[in-house]
Protein chains: 2
Amino acid sequence: MPSITVENYLKRIFLEQQESGGEIVSMGRVAQAMGVVPGTATTMVKSIAESGWAHYEARKGVRLTEKGNRMALAILRRHRVIEVFLVKILGFDWTEIHEDAERLEHAVSDRVLKRIDDLCDNPNVDPHGDPIPSATGEFRSRPQMTLFECPIDQPIRIARVLKQEPDFLQYAEEKGLVPGAWIRVIERNPIADAVTLHLQNRGQITLGGKVAADITVE
Amino acid sequence: MPSITVENYLKRIFLEQQESGGEIVSMGRVAQAMGVVPGTATTMVKSIAESGWAHYEARKGVRLTEKGNRMALAILRRHRVIEVFLVKILGFDWTEIHEDAERLEHAVSDRVLKRIDDLCDNPNVDPHGDPIPSATGEFRSRPQMTLFECPIDQPIRIARVLKQEPDFLQYAEEKGLVPGAWIRVIERNPIADAVTLHLQNRGQITLGGKVAADITVE
DNA sequence: TGTCTGATTTTGGTCAATCAAAACCCCCGC
DNA sequence: GCGGGGGTTTTGATTGACCAAAATCAGACA
């Protein structure tokens, strides 16, 4: 029922909401996430609210309704199942699938998704390590920390790589910085805005704060 | 990069052109095929022509350019490869895949199509028996025969009705003897100058030679 | 408490795709 | 050769998605 554009707004708003622990999401943030000018975000969100997908509070922000949440989860599910399909069945590298999943998620019907899901053995995480909402809309996200918050000098496992830029993912892949990999944070230097970590038999690397904040571990 | 809408126009125009043996396609026909009002077809076709996909002659019709042809073939290829995928890999019935293919064809990138094509063993016909254009744009439209020359007792599809007499067309329409309809030739009797055919759940009829020679099938 | 600044909303405009209905043109039959 | 009629084009309007820039508001800070 929602247009492709609205689907993207719903997904984005949902993810931003998650990111900020359920807080109301500002228009600036929506605009940023959608890559549009703030005025556009305002008008779109207002119309989305009018269709019952979200609550909109002027000069505060937006928060999905129950209905909007369900819809967003369905879209997220499509996206992530497709990502698994692209990697597991079509043999793509997990670093290069985002774009395609982004387009396909708006074109697969429920029946097709069901078959693809079965074909992939009903996965519950995508190739980035992100959890896949169930068909009935359940969505558990285990407590995760960024590389900034996690304990130092302890073996921990990479849960998710939030960054989507292909060249960063490429780099991450090269370094073995992938979901599931075991690492150890050696040093964290807030002044230098740097986090140094040790990767299993791959030596160690130092990341800037911007990147470190986009990698979560569990 | 054509929009989804333009892609559909290109595909439709291409198919209509095929159907009528390369003739110029009237606006009425485009409108009909696209399910829009004639005025819409006119404006869209004009803009398509302006982008170099087609030649448009006012009050005559439209014909694809070389570039438009290539584009149309690429779209047709996507559509048909996806149809094979839906049947062969996902296990759908060939009668229920059109809708989904119609939506997916605008969302698969070249790289994804390539992998899907390989996964399906590079088919060259789709589940309806329609030929799939090659990746390089070659397209062997299936040879057409009259009802006099075609194989007997095999499902074949009506390609063109050459006869133009209104009362015959009326009759043909009534009987479901229209382009695209699936039939089976039951018997051919040269002495009696008659061809008997079976129409999908419309029973069977017998035509004289003069008429039979003016209907082509593939 | 008043002001300033940055985020947000409004306003006015564009582009793509569509429809309804009026205007138009061309060919066919008389 | 003239007039109709049917297909085609135009015109005017709408809807969705967007931008630029002006207007507005709210919270911070003095």
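Keep in mind that what you see is a predicted model, and the values were worked out from it rather than measured. Convention: sequence-line order gives letters A, B, ...; per-chain numbering from 1.
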Quick one: A:M34 CE to D:dC18 C1', roughly how many Å, whole number?
11 Å

Categorize A:T43 for me: base, sugar-phosphate, or nothing, with a 4.0 angstrom heavy-atom threshold over every strand shown.
nothing

When rounded to whole Å, the NZ to P distance for the pair A:K60 and C:dT9 reads 11 Å

With a cut-off of less than 4.0 Å, is there a side-chain N or O of B:K46 near OP1 or OP2 of D:dT10?
yes

Rounded to whole Å, CD of A:E50 lies from P of D:dA17 at a distance of 13 Å

I want to verify a distance call: between C:dA17, D:dC25, D:dA17, whose nearest atom is closest to the A:R59 side chain?
D:dC25

Of C:dT8, D:dA17, C:dT18, the nucleotide closest to the side chain of A:M27 is C:dT8

Rounding to an integer number of Å, can you tell me how far B:I48 CD1 sits from C:dA16 P?
12 Å

When you measure from the centre of the six-membered ring of A:F92, is the NZ or CZ of B:R115 under 6.0 Å away and within 45° of the axis?
yes

Compare side-chain N and O positions of A:T40 against OP1 and OP2 of D:dC19 and report whether any pair is under 4.0 Å apart.
yes

Rounding to an integer number of Å, can you tell me how far B:M44 CE sits from D:dT8 C1'?
17 Å

Can a salt bridge be assigned to the pair B:E105 and B:R80 using a cut-off of 4.0 Å between side-chain N and carboxylate O?
no

Checking side chain to side chain contact (heavy atoms under 4.5 Å, CB included) against A:I215, which of A:V195, A:L207, A:L197, A:T146 comes through?
A:L207

A:N8 CG - D:dG16 P separation (whole Å)
17 Å

Would you please say whether a donor-acceptor pair under 3.5 Å links the side chains of A:H106 and A:N8?
yes

Closest to the B:V37 side chain, choosing from D:dT8, D:dA17, C:dC19
C:dC19

Given atom CD1 of A:I24 and atom C1' of C:dT8, what is their separation to the nearest angstrom?
13 Å

Need one value for A:G39: base, sugar-phosphate or nothing, where a base atom within 4.0 Å counts as base even if backbone is also close, heavy atoms only.
base

Sugar-phosphate only, base, or nothing, as touched by B:A41 at under 4.0 Å among non-hydrogen atoms
nothing

Taking any heavy-atom pair under 4.0 Å as a contact, classify B:S47: base, sugar-phosphate, or nothing.
nothing

Hey, does the side chain of A:Y56 come within less than 4.0 Å of C:dT9's phosphate (OP1/OP2), counting only N and O?
yes

Among D:dA17, C:dA17, C:dT9, the one nearest any side-chain atom of B:T5 is C:dA17

Phosphate contact (D:dC18 OP1 or OP2) by A:Y9 side-chain N/O below 4.0 Å:
yes

Which nucleotide, C:dT10, D:dC19, D:dT8, lies nearest any side-chain atom of A:T42?
C:dT10

Any salt bridge linking A:R78 with A:E7? Criterion: basic side-chain nitrogen under 4.0 Å from a carboxylate oxygen.
yes

